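Below: the structure, in structure tokens.
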Amino acid sequence: MTDVPEVLAEFIVSEIRLARGAAGMTQDVFGRAAGYTASHVSAVENGTRALTVDFIRGADRALNTGGLFRRLATRLGAPSWFLRWLDAERTATQLRYFEPILIPGLLQTEHYARTVLRTDDSLTDAEVEQLTAARMDRQKALTGDRPPQLVAVLDEGALRRTGDSFSGIMAQQIAHLRTMTELPHVHVLIIPATSGLHIGLSGPFALARSSEGQWVGHLENQLGGEAVDKDEDVAKLQVMWESVRNEALPRSASVDLLKEVETYHGPQ
């Protein structure tokens with residue numbers, strides 16, 4: 001099965017073929033560098049064999065692109081409703097996330113992200129791996145030269161979700177959160193279970209502020225999501241943000257709660 005949507009696959013294959021030609025590489029030479037036979041390369045370029053994420057990685061390696069084709073696949077392969085938010089997230093100077101149920105994507109470990117994505121049984125294994133890779137790629141924004149300030153407010157219930165085969169993954173995830181809080185630009189604040197009902201339980205949302213001072217919001221639902229940029233809608237999300245942040249523990253107390261929850265889940 002094709003790992004990449006058909007129209008996008010045709011575009012990427014065409015670009016790989018052009019880059020291979022510009023580098024003066026035959027299909028045989030390219031294939032050896034990418035980890036494939038010349039006949040496999042020929043079949044992909046002729047459209048008789050599916051383009052896969054593994055082939056794209058091999059092409060990036062053979063052509064020394066720095067991951068260009070993989071980024072094209074993960075970015076352009078995203079649903080259209082998500083591209084607006086991806087652009088806002090990538091260029092943001094400030095990020096605000098509220099999650100009542102799950103850990104935000106930018107703070108997920110690879111194992112946690114893969115496990116969450118696998119709950120959607122309509123996804124193939126290849127699609128799960130592609131989405132996991134895309135999520136991990138997004139996290140590079142937090143470790144770049146000029147990372148955004150990220151404040152994530154999480155409900156305690158999102159941290160205590162467990163199961164026989166999930167506790168180890170959650171312990172690893174909580175440890176990762178504690179590590180991330182050591183970065184000066186990352187703040188993880190927890191709403192304790194004792195807070196009871198609060199406005200954020202109606203659903204997760206996020207806000208991104210650009211270097212020009214413009215805010216974009218993002219809402220998730222069962223059918224996908226929606227980028228929000230109308231002033232009145234963004235203003236409502238900002239009011240909700242202040243409400244959920246006021247419910248959260250201070251930073252040091254939140255870190256202490258993370259340590260407690262990590263012990264609750266047991267060894268990684």
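For this chain, numbers begin at 1 and follow the sequence in order. Quantities reported herein were computed from a predicted structural model and do not represent experimental measurements.
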Around atom [atom1] of [X], are there more than 12 heavy atoms of other residues, nucleotides or ligands at under 6.0 Å?
X	atom1	result
Asp120	CG	yes
His111	NE2	no
Arg17	CZ	yes

Do Ile190 and Val186 sit in one hydrophobic cluster, given that two such residues count as connected whenever their side-chain heavy atoms are within less than 4.5 Å of each other, even indirectly?
yes

Examine Met136 and Leu131 and state if one hydrophobic cluster contains both, with Ile, Leu, Val, Met, Phe, Trp and Tyr joined whenever side-chain heavy atoms are less than 4.5 Å apart.
no

From [X] [atom1] over to [Y] [atom2], what is the distance, rounded to the nearest 0.5 angstrom?
X	Y	atom1	atom2	result
Glu110	Gln173	CD	CD	12.0 Å
Leu258	Thr179	CG	OG1	10.5 Å
Ile56	Ile12	CD1	CD1	4.5 Å
Glu129	Thr124	CD	OG1	9.5 Å
Phe69	Ile16	CZ	CD1	5.0 Å
Ile169	Thr109	CD1	OG1	7.5 Å

Can you list the steps and then say if Leu63 with Met25 is a side-chain contact (heavy atoms from CB on, under 4.5 Å)?
CA-CA 9 Å; Leu63 295 167; Met25 301 174 74; 3.7 Å; yes

side-chain hydrogen bond (donor to acceptor under 3.5 Å, both in side chains) partners for Arg135, two or more places apart
Gln108

Under 4.5 Å between any side-chain heavy atoms of [X] and [Y], yes or no?
X	Y	answer
Leu183	Met180	yes
Ile103	Glu99	no
Val216	Ser210	no
Asp155	His198	yes
Pro204	Ile101	no
Ile191	Phe98	yes

Can any side-chain N or O of [X] pair as donor or acceptor with the backbone N or O of [Y] at less than 3.5 Å?
X	Y	value
Arg61	Ala34	yes
Thr132	Val128	yes
Tyr97	Leu106	no
Arg251	Thr181	yes

Check Gly31 against Val41 and note the closest heavy-atom contact, atom names and distance.
CA-CG2, 3.7 Å

Before you tell me yes or no, could you show the steps for Tyr264 and Met170 under side-chain contact (heavy atoms from CB on, under 4.5 Å), namely the whole-Å CA-CA distance, both residues' side-chain angles and the distance that decides it to 0.1 Å?
CA-CA 10 Å; Tyr264 164 79; Met170 279 304 299; over 6 Å; no

Test Arg20 against Gln27 for side-chain contact (heavy atoms from CB on, under 4.5 Å), laying out the working first.
CA-CA 8 Å; Arg20 177 179 66 77; Gln27 290 179 337; 3.6 Å; yes

Listed pairs under 3.5 Å, donor-acceptor, residues 240-248 side chains, sequence neighbours left out:
unit_1: Asn246; atom_1: ND2; unit_2: Glu242; atom_2: O; d: 3.0

Is a salt bridge present between Lys236 and Glu232, judged by a nitrogen-to-oxygen distance below 4.0 Å?
no

When you check the gap from the basic side-chain N to the acidic O, do Asp54 and Arg57 get nearer than 4.0 Å?
yes

Give the intermediate values and the outcome of side-chain contact (heavy atoms from CB on, under 4.5 Å) for residues Leu142 and Leu107.
CA-CA 9 Å; Leu142 297 180; Leu107 296 174; 4.2 Å; yes

Do you see a donor-acceptor pair shorter than 3.5 Å between the side chains of Gln149 and Arg96?
yes

